[in-house]
Amino acid sequence: MRPASAFRPSSVSRVLNARRVCRRCLSQQANRSVAQLLQWRPTEKADDVVINGFVRSVRSMKAHRFVALGDGSSLAPLQALVQADYAEGLTVGAAVRLTGAWVASPGAAQSHELHVNKVEVLGPSDAKTFPIQKKYQTPEYLRTMPHLRPRTPLNAVLLKLRSDSIASLTQFFAGRSFTQTHPPILTSSDCEGAGEVFTVAPASDAAGPADQDGPGSFFRSKKYLTVSTQLHLEALAQGVGNVWTLSPVFRAEESDTSRHLSEFYMLEAEMSFVDGLAPVMDLAEDMLRSLSTNLYGTATVQDLLSRSRHSGSDLAPAEDVRRRWEGLMQKDWPRMTYSDAVALLQQRADLFAHKPTWGAGLQSEHEKYLADYVGGGEKPVFITNYPRDIKAFYMLESQAASSNGQQLPGATVDCFDLLVPEFCEIAGGSMREHRLGPLLDAMKRQGIVGQQSEAGAETPSVNGLDWYVDLRRWGCPPHGGFGLGFDRLLSYLSGVQTVRDMVSFPRWFGRCDC
Ligand SMILES: NC(=O)C[C@H](N)C(=O)O
């Protein structure tokens, strides 16, 4: 315990010199963050430093209090020393403004601390009922109060990682002259054809699904929340060339897993006049390498990587997460065809619960093996040219026979899944079928073309996708693109084990709390 006099405000006026002017600039900055202040390590005491924040914890000594103050800008809190007689209202959760002297700290846990001479309680908090505590709280418990969870230091750093990532990606695409677009959220069709759409209707149509389709309904036919903006991006790419978006998408999957959400952000890019799959994969690879290289040295990422080990298993060990960043920064990610991948898996069939079979989708145990084995447990891996019959109708049939020589041209499609170690798939893309006839054939094969023609229509009804078919009628160049699960990527890069804890307000099967 230190004597109270050690943090009494100094009234000694000092001669202004250049260094002092600089210090005054920082001390008077109105919106300086805790992170910025923690980086400032002056050798002399700096008076009149003002900081806003929330009280994370209070440790009471006889004559004074140690207050840990956070504002979401860093995992580490700022330590403030407050005389006991100034400390009224300094309770856990309170929003406060503290003014004092910024001085070197004798404690080992921090280089500097604030010796407070003025306390303003701007938003009081009843510490007895405030549910967020400094001690470890399980992710399951914190998920029950998503409105308060952003106040936890980890959630705040994750929000910063998200923001920094968006800034970096925006810069990447602008540097390549991609146009950022806003495709619609309400759509007329299920893009992937997988039937995992939410329908949209006014609350006044609550009478039932029958009311949501037909001339009496709000939109005069059934509408959905988008599952992927790809189809609209294809239309936009015909207007302005290469395009991208970061949009919310919605999937009514009844999967209760750590990797699935009902609402998530998908980064999607579409390239126009592109002759093959390789440039599309190059774009995805360059984008992720640029993102990881740009962000690795930032305070946010270093904060995440230097965190102390949590007592729970809700965060991957920092050294594993560091390896993920390093893997993304490496060049020349392996690319392997699905046929070669299945052949490789079949050699190790003894390892798997599901037998690897050509023509079936890869199970996550297969993807995990491929990511670990082909990518050496570090580099992401592209698996390409999956069988046509397990992929979406819009993918371009491969012109060559399958790489194992056993399948004819057209048995596979020009597509890829991007697998990362531990997490498996984070992105998928393809060349799109840009020719009218083959596209209609694929839609028929997959049962997307409706039974009866709409009155006066020249072609059979294609379940709300007539406009998509139309894009092939007038100047449709070869094109392709990909979609990347943004929240899943951020989970991978932060070490958060479930995507539900990556998103502040997660929605998944059975849960949409506030
Ligand atoms: N833009 C894309 O290629 C993403 C694709 N439509 C998907 O949902 O996986």
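This structure is a prediction, so every number in the text was calculated from the model and none was measured. Start at 1 and go down the list; that is how both ligands and their atoms are numbered.
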Between [X] and [Y], does any side-chain donor sit less than 3.5 Å from a side-chain acceptor?
{"X": "R322", "Y": "Y296", "answer": "yes"}
{"X": "Q180", "Y": "T170", "answer": "no"}
{"X": "H260", "Y": "T257", "answer": "yes"}
{"X": "E234", "Y": "Y394", "answer": "no"}

Looking at [X], which atoms of ligand 1 are within less than 4.0 Å of one of its heavy atoms?
{"X": "R251", "value": "8 (O)"}
{"X": "G428", "value": "3 (O)"}
{"X": "Y394", "value": "5 (C), 6 (N)"}
{"X": "G483", "value": "1 (N), 2 (C), 3 (O), 4 (C)"}
{"X": "M266", "value": "8 (O)"}

If you count the non-hydrogen atoms of other residues, nucleotides and ligands that lie under 6.0 Å from CD in E140, is the total more than 12?
yes
Mind checking whether E425 has a heavy atom under 4.0 Å from ligand 1?
no
Strictly under 6.0 Å, is that where the ring centroids of F250 and F198 end up?
no
Using the benzene-type ring in the case of Trp, are the ring centres of F178 and W244 under 6.0 Å apart?
no
Closest protein heavy atom (residue, atom, distance) for atom 7 (C) of ligand 1
E192 OE2, 3.4 Å
Any N/O of S228 closer than 3.5 Å to an N/O of ligand 1?
yes
Which option wins on minimum heavy-atom distance to atom 3 (O) of ligand 1: R432, E270, E268?
R432
